[in-house]
Participant: 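What follows is a single structure, and I will ask about it in a moment.
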Amino acid sequence: MAQTLIEPRTLRGFRDYPPELQLPREELLAKARQVYRSYGYLPMDTPALEYAEILLGKGGEETDKQLYRFRDHGGRDVALRFDLTVPFARFAAEHIQRYGTPFRRYHIGPVWRGENPQRGRYREFVQCDFDTIGTTSNAADIEVVFVIYDLLRTLGFERFQVHVNHRWVLNGLLEELGLVERTVAVLRALDKYGKIGREGVEEELRTQAGLESGQAGKILDLAEIRGSPAEILEHLEKTFGHQVKVARGIACLRELYAVTRAAGLPEGVVQLDLRIARGLDYYTGTVYETFLDDLPGIGSVCSGGRYDNLASLYTKQVLPGVGASLGVDRLLAAMQELNLLPASYATAPVLVVFFVADKLALYMEVAGRLRRAGIGAEVYPEAKKLREQLAYANKRGHRLAVIGGEDELTRGVWQVKDLRAQSQHTVADADLVTTVQRILSG
RNA sequence: GUGAGAGUAGCUCAACCGGCUAGAGCACCAGACUGUGGAUCUGGGGGUUGGGGGUUCGAGUCCCCUCUCUCACCCCA
């Protein structure tokens, strides 16, 4: 009876993760977890689905429009989370008494946004956040830089910069220039500097923010100050240091720069960049963006900032915090482009050849022995020809093949074939594990 | 959501101006080389040319709709 086949396909903006993508992704996330934990961040997660009222109106009209929202079977008005910050705010309002402050957590999970997909932008993607809430201390802000640094180093990146700015500096400047009520438009324009350049920003400042060219020029001149963090701060101090907010921002940034240097971050990692504003009016203090020297075009791979009050919509307890989010997809794309991903996708380095059809138990046993020693071992599932099994091992990227035919089994030995070095050793059954270990570590 | 470009085998591409049964390389599967991988040889499966409709004697090719991808706006990971 003929049956109509269903066309296999995924939704627009959603995608599969085949092994060659999922493997590096899992490894990346494992490394991120390791770094987060080393700083004392605790893991947590929240439901994918929340009451719509929890998620609505938290990120402005734009995010409301992007919300996947529907009625569940019980008629409840629900929506998929579009970031991890809002669910965290709800969580904190509900549970923070149990943990007290300061509280550090990391949170890795998928989020959903019904926006128009582009390269590297999907409707479902993973966020990888870390935050410290319940403290206004600049120490927490400074630590964020260390976390970002360790994250990227652990992932194998060496050439990158953490661009830092402070909202107080920007706000103070705008106050000084009498542009407070245009803050959002000005910062939005400024934030595009890397993309549209000075002329573009100037244009936008005039048309979108309604500035006169003199004001626009002033802002641009400031944004374009180049130099070491110390030099930029000095310049700022001289020109706008009399403004209270600017002065406070400068003090924070100065401490951040001094501490990161004194505590071991190499020179050049931290850059002061007056152009980064981080669109959302959500951030109120330090803001961060991280750029790879070799791939500036892909944008920031780790961004975040400080906010005054995380959960004001759900609780009267004031919960200030600071944190950032790792751009998992961008980093994977970057690692692919910079050849930082392994060429082999074998999760087990050893293939145990299934040679003699009625000796399966022996092969299973030896594979188990290898695994107990921490060495991944795969037993070929069919007693096919040796050449085919070796071809399989080669194609799949197994480093070693363990071969036991009639001959070896009667002598109590194994052939250990190194597919990469194209060499082969005969080893006694008792020495197998140590031999394999030695080859793999060397 | 708005605007622009693109969709031919799993991948990269071919098919003059609309004209024979839509091809090639790689990949995949089977077999050979009869206990040792990347090679070679032989054979094979795969396509309703993204889908639907229209024009035409005839459409992969022209027109309309739709889906998907890419780019820009917006926003951001």
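To find a chain, count down the sequence lines: A is the first, B the second, and so on, and within it residues start at 1.
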Participant: Looking at CD of A/Glu408 and OG1 of A/Thr426, how far apart are the two atoms once the value is rounded to the nearest 0.5 Å?
Facilitator: 7.0 Å
Participant: Have a look at A/Asp83 and say if it touches a base, only the backbone sugar-phosphate, or nothing, with a 4.0 Å heavy-atom cut-off.
Facilitator: nothing
Participant: Can you check each nucleotide of nucleotides 28-33 of chain B against protein heavy atoms at under 4.0 Å and return B for base, S for sugar-phosphate only, - for none, in 5' to 3' order?
Facilitator: S-S-SB
Participant: For the pair made of CZ in A/Arg123 and C1' in B/rC69, what is the distance, rounded to whole Å?
Facilitator: 12 Å
Participant: Pick base, sugar-phosphate or nothing for A/Glu408, based on heavy-atom distances below 4.0 Å to the nucleic acid.
Facilitator: base
Participant: Can you tell me which nucleotide in B/rU36, B/rA77, B/rC75 comes closest to the side chain of A/Tyr122?
Facilitator: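 Minimum distance to the A/Tyr122 side chain belongs to B/rA77.
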Participant: On RNA chain B, nearest-nucleotide positions of A/Val301 versus A/Ser423: which is more 5'?
Facilitator: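 In this pair, the answer is A/Ser423.
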Participant: Have a look at A/Tyr392 and say if it touches a base, only the backbone sugar-phosphate, or nothing, with a 4.0 Å heavy-atom cut-off.
Facilitator: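 Since no nucleic acid heavy atom lies under 4.0 Å of A/Tyr392, the category is nothing.
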Participant: Which base, if any, makes a Watson-Crick or G-U wobble pair with B/rU61, both distances under 3.5 Å?
Facilitator: none
Participant: Of all the nucleotides listed (B/rG37, B/rC75, B/rG35), which has the minimum atom distance to the side chain of A/Arg121?
Facilitator: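 Out of B/rG37, B/rC75, B/rG35, the nucleotide with an atom closest to A/Arg121's side chain is B/rC75.
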Participant: OP1 or OP2 of B/rU36 versus the side-chain N and O atoms of A/Gln424: is any pair under 4.0 Å?
Facilitator: no
Participant: Checking base pairs now: Watson-Crick or wobble, both atom distances under 3.5 Å. What partners B/rG23?
Facilitator: B/rC13
Participant: So A/Gln127, base contact, sugar-phosphate only, or nothing? Heavy-atom distance under 4.0 Å.
Facilitator: sugar-phosphate
Participant: With nearest nucleotide decided by heavy atoms, which residue, A/Ala421 or A/Asn116, maps closer to the 5′ end of RNA chain B?
Facilitator: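 Counting from the 5' end, the first nearest nucleotide belongs to A/Asn116.
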Participant: Does a side-chain N or O of A/Arg113 approach OP1 or OP2 of B/rC76 to a distance below 4.0 Å, or not?
Facilitator: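 The answer is no; no side-chain N or O of A/Arg113 sits under 4.0 Å from OP1 or OP2.
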Participant: Is the distance between the ring centroids of A/Tyr380 and A/Tyr392 less than 6.0 Å?
Facilitator: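 Judged by ring-centre distance (under 6.0 Å), A/Tyr380 and A/Tyr392 do meet the cut-off.
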Participant: In this structure, how many angstroms lie between the P atom of B/rA27 and the CG atom of A/Asn394, rounded?
Facilitator: 13 Å
Participant: Are B/rA77 and A/Phe125 stacked, with the base six-membered ring and the side-chain ring centres under 5.5 Å apart and planes under 30°?
Facilitator: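 Stack criterion met.
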Participant: Work out how far the P atom of B/rC64 is from that of B/rC74, and round it to whole angstrom.
Facilitator: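 Comparing P positions in B/rC64 and B/rC74 gives a spacing of 29 Å.
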Participant: Let's see if you can work this out: which of B/rA77, B/rU36, B/rC69 has an atom nearest to the side-chain heavy atoms of A/Glu115?
Facilitator: B/rA77
Participant: Could you tell me the separation between the CD atom of A/Gln66 and the P atom of B/rA77, rounded to a whole number of Å?
Facilitator: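 Result: 11 Å.
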Participant: Does this structure show an ion pair linking A/Asp45 with A/Arg81, if we count only N-O contacts that are shorter than 4.0 Å?
Facilitator: yes
Participant: Taking the six-membered ring of A/Tyr122 as reference, does the cationic atom of A/Arg15 (NZ for Lys, CZ for Arg) lie under 6.0 Å from its centre and within 45° of its axis?
Facilitator: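 Ring-cation test returns yes.
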Participant: Under a 3.5 Å cut-off for both contacts, is B/rA39 paired Watson-Crick or G-U wobble with anything, and if yes, with which nucleotide?
Facilitator: none
Participant: Here's one to test your reading of the geometry: is the NZ or CZ of A/Arg33 within 45 degrees of the ring axis of A/Tyr106 and under 6.0 Å from its centre?
Facilitator: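 No, cation not above the ring by the 6.0 Å, 45° rule.
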Participant: Send over the distance from A/Phe291 CZ to B/rC76 C1', rounded to a whole Å.
Facilitator: 13 Å
Participant: With a 3.5 Å cut-off and just heavy-atom distances, do the side chain of A/Gln415 and the base of B/rU36 make a donor-acceptor pair?
Facilitator: no
Participant: With sugar-phosphate meaning primed atoms plus P, OP1 and OP2, does A/Ala391 contact a base, only sugar-phosphate, or nothing at under 4.0 Å between heavy atoms?
Facilitator: sugar-phosphate
Participant: Would A/Arg167 and A/Tyr283 count as a cation-pi pair here, with the cationic atom under 6.0 angstrom from the ring centre and within 45° of the axis?
Facilitator: no
Participant: Does the distance from a Lys or Arg side-chain N to an Asp or Glu carboxylate O, for A/Asp77 and A/Arg69, drop under 4.0 Å?
Facilitator: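 Result for this pair is yes, salt bridge flagged.
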Participant: Once you apply the 3.5 Å cut-off to both distances, tell me the Watson-Crick or G-U wobble partner of B/rG5, or none.
Facilitator: B/rC69
Participant: Need the pair for B/rC28. Rule: Watson-Crick or G-U wobble, both distances under 3.5 Å, any strand; none if unpaired.
Facilitator: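 By the stated definition (distances under 3.5 Å), B/rG44 pairs with B/rC28.
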Participant: Touch check for A/Gly13, heavy atoms < 4.0 angstrom, all strands: base, sugar-phosphate only, or nothing?
Facilitator: sugar-phosphate
Participant: Atom CD1 of A/Ile148 and atom P of B/rA77: how far apart are they, to the nearest Å?
Facilitator: 13 Å
Participant: Just the rounded figure in Å: distance from P of B/rG35 to CH2 of A/Trp414.
Facilitator: 19 Å
Participant: State whether A/Lys192 and A/Glu204 are salt-bridged, where the test is any N-O pair (Lys NZ or Arg NE/NH1/NH2 against Asp/Glu carboxylate O) under 4.0 Å.
Facilitator: yes
Participant: Are A/His163 and A/Tyr288 close enough that their ring centres sit under 6.0 Å apart?
Facilitator: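 Distance test on ring centres: not under 6.0 Å, no.
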Participant: Using atom C1' in both nucleotides, what's the gap between B/rU49 and B/rU8 to the nearest angstrom?
Facilitator: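 Taking atom C1' in both B/rU49 and B/rU8, they lie 4 Å apart.
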Participant: Can you tell which of B/rU2, B/rU36, B/rA77 lies closest to the side chain of A/Arg330?
Facilitator: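 Shortest atom-to-atom distance from the side chain points to B/rA77.
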Participant: Report yes or no: is the cationic atom of A/Arg105 (NZ for Lys, CZ for Arg) under 6.0 Å from the centre of the six-membered ring of A/Phe130, at an angle within 45° of the ring normal?
Facilitator: no
Participant: Please report the distance separating the P of B/rA30 from the corresponding atom of B/rU48, rounded so that it comes out in whole Å.
Facilitator: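 Roughly 24 Å separates the two P atoms.
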Participant: Roughly how many Å apart are B/rG25 and B/rG43, using the P atom of each and rounding to a whole number?
Facilitator: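 Here B/rG43 and B/rG25 have their P atoms 12 Å from each other.
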Participant: I'd like the C1' distance from B/rC33 over to B/rG38, given in whole Å.
Facilitator: 16 Å
Participant: For the aromatic rings, using the six-membered ring if either is Trp, is the centroid distance between A/Phe82 and A/Tyr68 under 6.0 Å?
Facilitator: no
Participant: Write down the distance between CG (A/Asp418) and C1' (B/rG37), rounded to a whole number of angstrom.
Facilitator: 12 Å
Participant: Check whether any side-chain nitrogen or oxygen of A/Arg420 sits under 4.0 Å from OP1 or OP2 of B/rG37, and answer yes or no.
Facilitator: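 False: A/Arg420 side-chain N/O out of range (4.0 Å or more) of B/rG37 OP1/OP2.
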Participant: Looking only at atom C1', what distance separates B/rU56 and B/rG1, rounded to whole Å?
Facilitator: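 B/rU56 and B/rG1 have their C1' atoms separated by 38 Å.
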Participant: Taking the P atom in each of B/rA39 and B/rC26, what is the distance between them to the nearest angstrom?
Facilitator: 10 Å
Participant: Can you tell me which nucleotide in B/rU68, B/rA72, B/rA77 comes closest to the side chain of A/Arg12?
Facilitator: B/rU68
Participant: Starting from C1' on B/rC73, measure out to NZ on A/Lys192 and report it in whole angstrom.
Facilitator: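 These atoms are roughly 8 Å apart.
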Participant: Work out how far the C1' atom of B/rG53 is from that of B/rA59, and round it to whole angstrom.
Facilitator: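 Here B/rG53 and B/rA59 have their C1' atoms 13 Å from each other.
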Participant: So what does A/Gln389 touch, heavy atoms closer than 4.0 Å: a base, only the sugar-phosphate, or nothing?
Facilitator: nothing
